[in-house]
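Heavy-atom basis, side chains included; hydrogens, waters and symmetry copies ignored.
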Amino acid sequence: MQSYTIGQAAQLLGVSPDTARRWADAGRVATHRDDNGRRLIEGQALAALAVEVGQQGADDEEVSYTTARNAFPGIVTGVKLGDVAAQVEIQAGPHRLVSLLTREAVEELGLEVGMRATARVKSTNVHIDRT
């Protein structure tokens with residue numbers, strides 16, 4: 001079973017290493033030490049915590065009326081406007097998402113760098129790579 005350092009776990013959870021460390025200290029996720037004394041979290045325990053954190057975030061948000069369940073709340077880091085099309089970049093934790101949409105949609109939403117936004121993904125094909 002793969003294990004993760006506190007820093008790696010924090011990156012995957014989209015929180016600071018200090019937050020991940022506090023959660024471990026509070027017993028929210030079990031850790032063990034490797035031969036070098038580093039604190040590690042087992043992959044299955046980290047996966048369970050990620051689901052818990054994701055569900056808590058969903059509970060805090062307003063009710064969403066959409067069929068797109070894959071939501072990535074983040075911050076707009078880039079907006080490029082063309083005559084008809086636009087490109088919007090959102091950083092959602094460790095995830096960078098880029099969307100191509102109409103200029104009209106960007107203007108209607110008032111999207112600009114620095115504002116909060118949620119990228120929603122709905123697809124019939126999702127590819128998963130083992131890393």
For residues 78-91, which side-chain N or O atoms pair as donor and acceptor with protein atoms under 3.5 Å away, sequence neighbours left out?
residue	atom	partner	partner atom	Å
E89	OE1	R96	NH2	3.4
E89	OE2	T77	OG1	3.3
E89	OE2	R96	NE	3.2
Q91	NE2	G93	O	3.0
Q91	NE2	H95	O	3.4

Next item on the list: Treat each ILVMFWY residue as a node, draw an edge where side-chain heavy atoms are under 4.5 Å apart, and state whether F72 and L111 are in one component.
Entry: no

Margin query: Using 0.5 Å steps for rounding, measure from the OG1 atom of T102 to the CD atom of E107.
Written below: 8.5 Å

Check: Can any side-chain N or O of N70 pair as donor or acceptor with the backbone N or O of R120 at less than 3.5 Å?
Finding: no

Next item on the list: With L46 as reference, evaluate V51, L12, L40, V29 under the side-chain contact (heavy atoms from CB on, under 4.5 Å) test and give the passing residue.
Entry: L12

Margin query: For a quick test of reading the model, state the closest non-hydrogen atom pair linking V15 to A20 and the distance between them.
Written below: CG2-N, 4.2 Å

Notebook entry, point to check: Atom CZ of R38 and atom OG of S3: how far apart are they, to the nearest 0.5 Å?
Noted result: 9.5 Å

Next item on the list: Of all the heavy-atom pairs spanning G110 and M115, show the shortest one and how long it is.
Entry: O-SD, 3.1 Å

Checklist line | Q11 side-chain N/O to Q8 backbone N/O, donor-acceptor pair under 3.5 Å | finding: no

Note to self: Are V106 and V98 connected into the same hydrophobic cluster when the rule is that any two of I, L, V, M, F, W, Y join if their side-chain heavy atoms are below 4.5 Å apart?
What the structure shows: no

Item checked: Crowding at CG, D35 (>12 non-hydrogen neighbours, <6.0 Å) -> no

Item checked: E42 vs H32 side-chain heavy atoms within contact, under 4.5 Å -> yes

Next item on the list: Using a strict cut-off of less than 4.0 Å between a Lys/Arg side-chain nitrogen and an Asp/Glu carboxylate oxygen, indicate whether R21 and D18 qualify as a salt bridge.
Entry: yes

Notebook entry, point to check: Say you draw a straight line from CD1 of I6 to OG1 of T31; how long is it, rounded to the nearest 0.5 Å?
Noted result: 6.0 Å

